[in-house]
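Reading through the structure tokens given below for one structure.
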Amino acid sequence: MLKKVLKWALWIFLVFLVYAIFQSPEQAAGIVVGGFEGIGAGFDAVFTFFDEVLQQSSDTP
């Protein structure tokens, strides 16, 4: 039963995605670019955090 619900939800999401792309391609592209920028900013923050941790641990005697 859960597999059927997930399958239907996936199909509905895909249909909505195609509809959104055809209705407003510029806005859809902006959302995708914004999402990738957000993911990139998240990875940058994680790398900065670990860089600071490693830098502080190397400064400690």
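Take I31 and apply the side chain to side chain contact (heavy atoms under 4.5 Å, CB included) test, not counting sequence neighbours, and it matches Q27.
Taking each heavy atom of A28 and A20 in turn, the nearest pair found is CB-O, 4.3 Å.
Through direct or indirect side-chain contacts shorter than 4.5 Å among Ile, Leu, Val, Met, Phe, Trp and Tyr, V33 is connected to no other residue. Annotation for V46: hydrophobic cluster partners, listed by chain and number, are F49, F50, V53 (ILVMFWY side-chain heavy atoms under 4.5 Å, direct or chained).
A distance of 6.5 Å separates CD in Q56 from CD in E52, rounded to the nearest 0.5 Å.
Residues T48 and D44 have side chains in contact (heavy-atom distance under 4.5 Å, counting atoms from C-beta outward).
Below 30°, between 30° and 60°, or above 60°: for F43 and F47 the angle between ring planes is below 30°, a parallel geometry.
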Inset, instruction - Could you walk me through whether L6 and L10 pass side chain to side chain contact (heavy atoms under 4.5 Å, CB included), step by step? - result: CA-CA 6 Å; L6 290 175; L10 178 63; over 6 Å; no
